[in-house]
Structures are given as structure tokens and as C-alpha cells.
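Step one of this worksheet: look at the structure below.
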Amino acid sequence: MFGNLFRKKPRLSFVEDYLTGKMSAQAFADRNAEATVYYSTPFGTDRAGRTQLWVLSNHDNDLKHYPAFTSKAECNRFLAAIGRYGFPIIEGDLRTLLDSLDSHEALTPLGVVIDPHTETPIAIDPGVRVGAGVEG
């Protein structure tokens with residue numbers, strides 16, 4: 001009954017390999033499918049009460065990424081700092097987050113950026129979905 005309460009949640013692995021180009025984004029996503037990430041709903045309200053899609057732009061390549069975090073506290077801090085208001089924080093896994101981007105037409109062109117507030121954010125560009133590739 002209490003087994004799941006005390007089991008360690010999977011954390012991201014192979015981060016260094018991915019960041020140094022030794023591993024593709026597809027292989028990284030496949031190997032981290034069950035890793036815990038924290039994020040909010042894509043659409044939400046700002047402090048002025050306006051509803052908008054909350055994504056980040058990569059100015060190097062004009063791609064848009066949805067923010068996710070390896071810590072609930074950092075997710076909360078970051079979203080509040082960029083002006084999001086009254087947002088839920090979802091604890092999920094990378095597979096569920098990537099799959100959710102296929103749930104709405106406005107979300108399919110988005111990638112995911114994990115820990116965008118750090119010196120080494122993990123950007124997974126649009127189109128990468130768990131199990132979509134055959135890499136190892």
C-alpha cells in the first residue's frame with residue numbers, strides 16, 4: 001500500500017551526453033520517458049487577467065518551447081517571475097508532457113525546454129516524441 005510513496009522518482013539521465021551532442025534529442029527523450037518533470041497548463045492568465053499561451057522563444061532559431069522543470073519550487077518561482085498568475089503545477093513525466101503537445105493544434109509546433117532558468121537548459125525541439133525514433 002505504501003510502496004509507491006517511498007519509491008524514488010526517476011530523474012533525468014544522460015543530460016551531459018545530450019548537451020554535448022553525444023546523444024540525439026530523440027534518444028534523450030526515449031531514455032528519460034519516465035523522468036519526473038514539473039510544468040503548468042499551456043494556457044493561463046497573467047497578472048492583468050489576460051489569457052495567453054505561455055511559451056518561450058529561442059532567439060537563435062525562432063523555435064518555441066514549453067517550459068518544464070526538475071523541481072516544483074523552481075517551476076513556481078520561474079512562472080511567477082515571468083508574470084503568470086494563479087497557475088497549477090503539474091507533476092508528470094517527460095512522456096506525458098511531450099504527448100500533451102499533440103493534444104491541441106496550437107501546441108504541436110512546440111518543443112520543451114527543461115530548466116530554462118539555468119546555464120544549461122535542456123531544449124528538446126518540436127517533433128520529438130517518446131518512442132518516435134529507433135535510436136539507442
Side-chain angles (χ1 to χ4, degrees):
M1 176 174 155
F2 294 105
N4 288 340
L5 288 176
F6 300 106
R7 194 171 39 167
K8 278 190 159 185
K9 296 175 187 169
R11 299 188 86 48
L12 292 174
S13 59
F14 302 101
V15 172
E16 191 65 30
D17 286 348
Y18 177 61
L19 292 175
T20 59
K22 294 177 186 172
M23 176 181 285
S24 72
Q26 185 61 61
F28 179 81
D30 289 342
R31 291 192 179 180
N32 286 287
E34 306 305 319
T36 300
V37 290
Y38 300 89
Y39 51 97
S40 191
T41 55
F43 297 93
T45 308
D46 65 15
R47 290 186 186 113
R50 295 178 299 245
T51 299
Q52 59 183 313
L53 176 61
W54 292 86
V55 297
L56 304 173
S57 295
N58 182 335
H59 299 290
D60 293 336
N61 58 19
D62 292 327
L63 295 175
K64 299 206 180 310
H65 292 84
Y66 190 70
F69 302 83
T70 53
S71 155
K72 186 176 184 177
E74 289 303 318
C75 180
N76 187 48
R77 243 186 308 279
F78 183 86
L79 295 177
I82 64 170
R84 184 116 187 230
Y85 180 77
F87 52 87
I89 295 179
I90 300 164
E91 178 181 332
D93 57 39
L94 187 58
R95 174 192 312 273
T96 303
L97 176 56
L98 290 171
D99 287 349
S100 73
L101 296 178
D102 291 332
S103 68
H104 190 282
E105 188 177 317
L107 305 178
T108 55
L110 301 178
V112 171
V113 60
I114 302 169
D115 293 335
H117 63 296
T118 65
E119 289 183 23
T120 54
I122 302 164
I124 302 172
D125 288 342
V128 174
R129 301 294 185 259
V130 172
V134 188
E135 295 191 44

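For this chain, numbers begin at 1 and follow the sequence in order.
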Shortest non-hydrogen contact from Arg129 toward Leu101 | NH2-CB, 3.3 Å
Taking all non-hydrogen atoms of both residues into account, name the closest pair between Leu12 and Ala35 and its distance.
-> CD2-CB, 3.7 Å
Please collect all ring pair (Phe, Tyr, Trp, His ring centres under 6.0 Å) contacts where either partner lies in residues 95-114, sequence neighbours excluded, each pair once.
-> Phe43-His104
So, do Thr41 and Arg84 sit near enough that their side-chain heavy atoms are less than 4.5 Å apart?
-> yes
Same cluster (ILVMFWY, side-chain, under 4.5 Å), Ile114 and Ile90 | yes
Say whether Val37 and Leu107 are linked into one hydrophobic cluster, either directly or through other cluster members, by side-chain heavy-atom distances under 4.5 angstrom.
-> yes
So, for Pro121 and Pro116, which heavy atoms are closest and what is the spacing to 0.1 Å?
-> CB-CA, 3.8 Å
For Thr45, check side chain to side chain donor-acceptor pair (under 3.5 Å) against everything at least two apart and list the hits.
-> none
Are Trp54 and Leu97 in one and the same hydrophobic cluster, where Ile, Leu, Val, Met, Phe, Trp and Tyr link if side-chain heavy atoms are under 4.5 Å apart?
-> no
Tracing side-chain links under 4.5 Å among I, L, V, M, F, W and Y, which residues wind up in one group with Leu63?
-> none
Residues which pass side chain to side chain donor-acceptor pair (under 3.5 Å) with Ser57, listed by chain and number, not counting sequence neighbours | Lys64
Here the ring pair (Phe, Tyr, Trp, His ring centres under 6.0 Å) pairs for residues 72-95, sequence neighbours left out, are Phe69-Phe78
The side chain to side chain donor-acceptor pair (under 3.5 Å) partners of Asp62 (sequence neighbours excluded) come to none
Smallest separation among heavy atoms of Val128 and Leu98, with atom names = O-CD2, 3.7 Å
Which pairs, with at least one residue in residues 65-82 and sequence neighbours excluded, count as a side chain to side chain donor-acceptor pair (under 3.5 Å)?
-> His65-Asp125, Thr70-Asp115, Glu74-Arg77, Glu74-His117
With Arg47, which residues qualify under salt bridge (Lys or Arg N to Asp or Glu O under 4.0 Å), at least two apart?
-> none
Give a yes or no answer on whether the side chain of Ser40 reaches the backbone of Pro88 with a donor-acceptor pair at less than 3.5 Å.
-> yes
From Asp30 CG over to Phe14 CZ, what is the distance, rounded to the nearest 0.5 angstrom?
-> 11.5 Å
Can you name the closest pair of heavy atoms from Leu53 and Ala106 and give their distance?
-> CD2-O, 4.2 Å
Ala29 versus Val130, closest heavy-atom pair with distance | O-CG2, 3.6 Å
Listed by chain and number, what are the side chain to side chain donor-acceptor pair (under 3.5 Å) partners of Ser100, not counting sequence neighbours?
-> none
Side chains of Val15 and Thr120: does their closest heavy-atom pair fall under 4.5 Å?
-> no
With sequence neighbours left out, what residues match Ala81 under side chain to side chain contact (heavy atoms under 4.5 Å, CB included)?
-> none
Leu79 reachable from Val113 in the ILVMFWY side-chain graph, under 4.5 Å edges = yes
With sequence neighbours left out, which residue pairs that include part of residues 11-23 fulfil the side chain to side chain donor-acceptor pair (under 3.5 Å) condition?
-> Ser13-Asn32
Quick one: do Leu56 and Ile89 end up in the same hydrophobic cluster if we chain Ile, Leu, Val, Met, Phe, Trp and Tyr together by side-chain heavy atoms under 4.5 Å apart?
-> yes
For Pro109, all residues meeting side chain to side chain contact (heavy atoms under 4.5 Å, CB included), sequence neighbours excluded = none
Dump the intermediate steps for side chain to side chain contact (heavy atoms under 4.5 Å, CB included) on Asp102 and Thr108, then the final yes or no.
-> CA-CA 5 Å; Asp102 291 332; Thr108 55; 4.1 Å; yes
